[in-house]
Amino acid sequence: MPENSASIASFWDAHAASFDEEADHGLRDPGVRAAWAERLRSWMPATSSDVLDLGCGTGSLSLLLAEQGHRPVGVDLAPLMVEQARRKLTEAGFDVPTMVGDASDPPARAGTSFDVVLSRHLLWTLPDPQEALRRWIGLLRPGGRLVLVEGRWTSAGSGQERSCEGEPPMPWTGGVEAERLLAALRPLVVTARAVPLPDPALWGRAVQDERYAVVAFA
């Protein structure tokens, strides 16, 4: 693992124990959980699908996908995050492949062909998000879709401005505006659209910054 990847993994491992305390991470509140389940259902194919959950964290979205009848595979750089994801999924009765790996360049053992590639709040952590987008689109089957839950976190205390000590800032540190992400995607996909996500039910609180999902079709 490259040195910078190791430091990033250590950073997120240090947050693994408390990660699910944030409402939109752990989805412990029934209302927040239901809001995310409804959104995921609207973005996913109507039939059971193979979904690559990149930067899966503690596996909350993978669990929702499995409950909806999809076949998720989770990848995250932080071993302790993956450990929690495996435990969460197993305790819920699901056998979901979840592995340590670089989400920007997913390991071949995760699979090479998917109906959906999903990531949430990941692009801002990557040293080359444009290249990551190209790789992810290359993993999609014809007609497959890329679902990116992102935002531009400008409000104080949003929790998304974290950086790893000693590391240079990422190109999209603090998040990326919807229009900028759409511009990056348009040369790579057939169609792409942004869906605003201001609903407090998704976050467990009111938000003032830009939050959205982009759904793109290969």
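As a basis for the values below, the full set of heavy atoms in this structure was taken, side chains included, without hydrogen atoms, waters or symmetry mates.
Every pair passing side chain to side chain donor-acceptor pair (under 3.5 Å) that includes a residue from residues 26-42 is listed here, sequence neighbours excluded: Arg33-Glu67.
Summarising the geometry of Arg71 relative to Ser48, their closest heavy-atom pair is NH1-OG, 2.7 Å, with the distance given to 0.1 Å. Nearest heavy atoms, Pro129 versus Leu126: CD-O, 3.5 Å. Between Ser60 and Lys88 the shortest heavy-atom distance is OG-NZ, 2.8 Å. Shown here for Val147 and Trp43, the closest heavy-atom pair between the two residues is CG1-CE3, 3.8 Å. Between Leu139 and Pro106, the shortest heavy-atom distance links the atoms CD1-CG, 3.9 Å.
Applying the salt bridge (charged side-chain N to carboxylate O under 4.0 Å, His left out) rule to Arg86 yields no partners; only residues at least two apart in sequence or on another chain are considered. The side-chain hydrogen bond (donor to acceptor under 3.5 Å, both in side chains) search around Arg135 returns none, not counting sequence neighbours.
With hydrogens and angles disregarded, no donor-acceptor distance shorter than 3.5 Å links the side chain of Glu150 to the backbone of Val176. The backbone N or O of Ser113 sits less than 3.5 Å from a side-chain atom of Arg141, completing a donor-acceptor pair.
In this structure, Phe94 is not a member of the same hydrophobic cluster as Leu118, with clusters built from ILVMFWY side-chain heavy atoms closer than 4.5 Å.
Under the side-chain contact (heavy atoms from CB on, under 4.5 Å) test applied with Val96, the options Leu65, Val73, Leu89, Thr90 reduce to a single match, Leu89.
Taking the side chain as every heavy atom from C-beta outward, Asp115 and Thr47 never approach each other to under 4.5 Å. Under the 4.5 Å side-chain criterion, counting only non-hydrogen atoms from C-beta, Cys56 is in contact with Thr98. Inter-residue side-chain proximity for Val75 and Pro107 is flagged as met; some heavy-atom pair is nearer than 4.5 Å.
Between His25 and Phe19, the ring planes are parallel. Angles under 30° get that label, and only those over 60° would be called perpendicular.
Ring-centre distance between Trp203 and His121: below the 6.0 Å cut-off.
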